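Bear in mind the structure is a predicted one, so any value in this text is a computation, not a measurement. Counting begins at 1 with the first residue of the sequence.
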Amino acid sequence: RFARKQKIQSKWKDVLGIIGEQAGKIKGSMVNVRASHQRTRKQDIFQDRPLYGPLMNWPEMVHEPLNELGVVFAFGMVARQLGFSVLRFQAAFPDCEALREVVKGQLQRMKLEFEFESRNFLRHGHRIDGCDGIVCWKHNWKECPLEVIELRKVFQKLNHKVHEGTQRENLLPQRTQRAQR
């Protein structure tokens, strides 16, 4: 500011350049510190730290998932109990190809799409005819024409049965139990 007021910027151009660089570094580092510790006013959330879902207290997964990738992992934890054997995962639609026991000793191939919420299937523009079912954490698409496996409810049932004394490994899926009758 002094150089500008005195109109001597051209004489001190090199020095003003160095000062400008140093001022930018100091200002930039202060901005980074502030941004990393910035919180939202409503919920007092640190923007530089991850969020965790409610406690599940399973040894394989401590917290409920908050995204699609967590749903994939949760499905892997209970796929056997639900009667599924995964053949492959892929980044393209549909996310998973699996075999499901539909009758005792008889398997059928299924194409599954993973979503955190079932309604995300629509938001992502997926074709209903390219998939057999949705695996999600929260089912919020009541008119969904596909089979929906809501893992949140699956885990609630499994936790309830575990508390009653049944071991997790011995739980048969309801679909398989019906097929055996």
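Residues Arg152 and Glu150 are paired through a salt bridge, judged by an N-O separation under 4.0 Å between the basic side chain and the carboxylate. With salt bridges taken as basic N to acidic carboxylate O contacts below 4.0 Å, none links Glu101 and Arg80. The pair Arg119-Glu143 counts as a salt bridge, with a side-chain nitrogen and a carboxylate oxygen less than 4.0 angstrom apart.
Note on Phe84 and Leu107: separate hydrophobic clusters, where clusters join Ile, Leu, Val, Met, Phe, Trp and Tyr whose side-chain heavy atoms are under 4.5 Å apart, directly or indirectly. Val148 and Leu112 are members of different hydrophobic clusters when ILVMFWY side chains are connected at heavy-atom separations under 4.5 Å. Under the 4.5 Å side-chain heavy-atom criterion for grouping Ile, Leu, Val, Met, Phe, Trp and Tyr, Leu99 is not connected to Ile134 through any hydrophobic cluster. By the rule that hydrophobic residues join a cluster once side-chain heavy atoms approach within less than 4.5 Å of another member, Leu146 and Val154 end up as members of separate clusters. The hydrophobic clustering, which links ILVMFWY residues whose side-chain heavy atoms are closer than 4.5 Å, places Phe121 and Met110 apart.
By the 4.5 Å heavy-atom criterion applied to side chains, Val71 and Val135 are counted as neighbours. Side-chain atoms of Phe116 and Asn120, non-hydrogen and from C-beta on, do get closer than 4.5 Å to each other. Side-chain contact between Arg109 and Arg100 is absent, with no heavy atoms from C-beta onward closer than 4.5 Å. Under the 4.5 Å side-chain criterion, counting only non-hydrogen atoms from C-beta, His63 is in contact with Leu55. Taking 4.5 Å as the limit, some side-chain heavy atom of Leu151 sits within range of a side-chain heavy atom of Phe75. For the pair Cys96 and Phe114, the minimum side-chain heavy-atom distance is below 4.5 Å. Between Phe155 and Val78, the closest side-chain pair of non-hydrogen atoms falls below 4.5 Å.
Of all heavy-atom pairs between Glu113 and Pro94, the closest is OE1-CA, 3.3 Å. Here the closest non-hydrogen pair linking Met61 and Ala74 is SD-CB, 4.1 Å.
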TODO: With side chain to side chain contact (heavy atoms under 4.5 Å, CB included) as the test, would you mind laying out the steps for Trp141 and Glu117 before giving the verdict?
DONE: CA-CA 8 Å; Trp141 182 18; Glu117 295 180 329; over 6 Å; no
Task: Working for side chain to side chain contact (heavy atoms under 4.5 Å, CB included), residues Cys136 and Ile149 - done: CA-CA 6 Å; Cys136 62; Ile149 298 170; over 6 Å; no
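Looking only at atom types and distance, the side chain of Asn159 has a donor-acceptor partner in the side chain of Trp58 under 3.5 Å away.
Within a 6.0 Å sphere centred on CZ of Phe93, heavy atoms belonging to other residues, nucleotides or ligands number more than 12. Enclosure of atom CZ in Arg123 by more than 12 non-hydrogen atoms of other residues, nucleotides or ligands within 6.0 angstrom is indicated.
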